[in-house]
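Worksheet: one structure, shown below.
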Amino acid sequence: MPHADSALIPPGLDKSAFWNHVYEQLGVLLEGQRNWVTNLANASSLIYSSLLAFDPFFGHGERTVNWCGFYLASHLLPSPRLSRPVTSLGDSDGTNRLLLGPFCGKPACQFINTTPGKARGVCADAFLKRETVLVPDVDAYPGHIACDGETKSEIVCPLILNVNGTEVALGVLDLDCLALDGFTEEDKEGLTRIAELIVKACDW
Ligand code: SME
């Protein structure tokens, strides 16, 4: 099967069946590949494309998902400190931040400060709390970072790796929607399972 066909959505699925389908397709897509850059790139594309193809909730007009991607703990990516002074990047020591990873959608902010006491935004909160954060109205969320003024709601799932019984936060999976209340508890459940699958499918 051509890789692009993994984003084809059979008609008639309800939300729960939709997420089960995406989960299964992602499992197949990531098989035999352990590189996290490659897997996160394909995961963001599969989730984004599948949501756009899922008519009942996201296929048309203002309910459309408009961003899907990853922010990763800075130690996993080359540091901008190599090319720019840390002070120009907004955090104090350059270490507590999430950097933009593979994504689908319009350009987004490059890094998110996760320094305790200075952290701001949905991604930082999900990362620091190690919990999925569902935001029905981004304008009502204290500290929300607006990468796209058209975004109305958002969901962010942490990527958690279990290392000998200790939970390590690697980054987050972030989705934005053009409608208020774009995401539900079913999306939270589906995406949390998908985040777990992605973590297990990669070498970190
Ligand atoms: N809204 C996010 C920032 C990332 S963009 O949505 C892609 C936040 O508040 O952390």
Side-chain angles (χ1 to χ4, degrees), residues 22 36-37 39-52 57-58 61-80 84 88-160 168-185 187-188 190-192 194-195 198-199:
V22 177
W36 62 260
V37 175
N39 282 347
L40 267 48
N42 256 344
S44 62
S45 173
L46 178 71
I47 299 164
Y48 186 72
S49 308
S50 299
L51 283 167
L52 291 178
F57 296 92
F58 289 98
E62 64 174 17
R63 287 196 75 77
T64 300
V65 64
N66 61 322
W67 203 86
C68 172
F70 296 89
Y71 281 91
L72 295 153
S74 53
H75 70 274
L76 294 171
L77 291 164
S79 171
R84 283 202 276 161
S88 73
L89 295 170
D91 56 349
S92 56
D93 61 7
T95 55
N96 289 319
R97 63 183 164 205
L98 299 173
L99 289 167
L100 181 61
F103 70 95
C104 286
K106 291 180 184 171
C109 52
Q110 295 165 340
F111 78 100
I112 289 169
N113 193 342
T114 54
T115 309
K118 293 183 186 170
R120 190 170 73 84
V122 190
C123 292
D125 287 349
F127 179 78
L128 291 171
K129 290 183 195 159
R130 296 172 189 178
E131 277 172 15
T132 297
V133 180
L134 185 60
V135 182
D137 177 359
V138 294
D139 290 335
Y141 190 91
H144 170 257
I145 299 166
C147 290
D148 182 343
E150 291 191 31
T151 295
K152 296 284 192 301
S153 57
E154 180 164 7
I155 186 167
V156 181
C157 305
L159 303 177
I160 306 290
V168 177
L170 301 168
V172 297
L173 166 61
D174 180 13
L175 277 82
D176 292 348
C177 181
L178 293 177
L180 290 169
D181 288 318
F183 302 103
T184 64
E185 286 296 323
D187 299 315
K188 182 174 171 177
L191 285 164
T192 302
I194 282 175
I198 290 166
V199 170

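Position 1 is the first residue of the sequence, and the numbers go up from there. Start at 1 and go down the list; that is how both ligands and their atoms are numbered.
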Heavy-atom side-chain proximity of Y141 to V122 below 4.5 angstrom: yes
Quick one: are E154 and D174 in side-chain contact, heavy atoms under 4.5 Å? yes
Is there side-chain contact between I155 and V133, with at least one heavy-atom pair below 4.5 Å? no
Will you find, in the side chains of T151 and N66, an N or O donor that is under 3.5 Å from an N or O acceptor? yes
So side chain to side chain donor-acceptor pair (under 3.5 Å) across residues 39-52, not counting sequence neighbours, yields none
Check ligand 1 for close polar pairs with the protein: N or O on both sides, less than 3.5 Å.
from, atom 1, to, atom 2, distance (Å)
ligand 1, 1 (N), H144, NE2, 3.3
ligand 1, 1 (N), I145, O, 2.7
ligand 1, 1 (N), E154, OE1, 3.0
ligand 1, 1 (N), E154, OE2, 3.1
ligand 1, 6 (O), E154, OE2, 3.4
ligand 1, 6 (O), D174, OD2, 3.3
ligand 1, 6 (O), D176, OD2, 2.9
ligand 1, 9 (O), V122, N, 3.0
ligand 1, 9 (O), I145, N, 2.9
ligand 1, 10 (O), V122, N, 3.2
ligand 1, 10 (O), C123, N, 3.0

Looking only at atom types and distance, does a side-chain atom of T132 sit under 3.5 Å from a main-chain N or O of T192, one as donor and one as acceptor? no
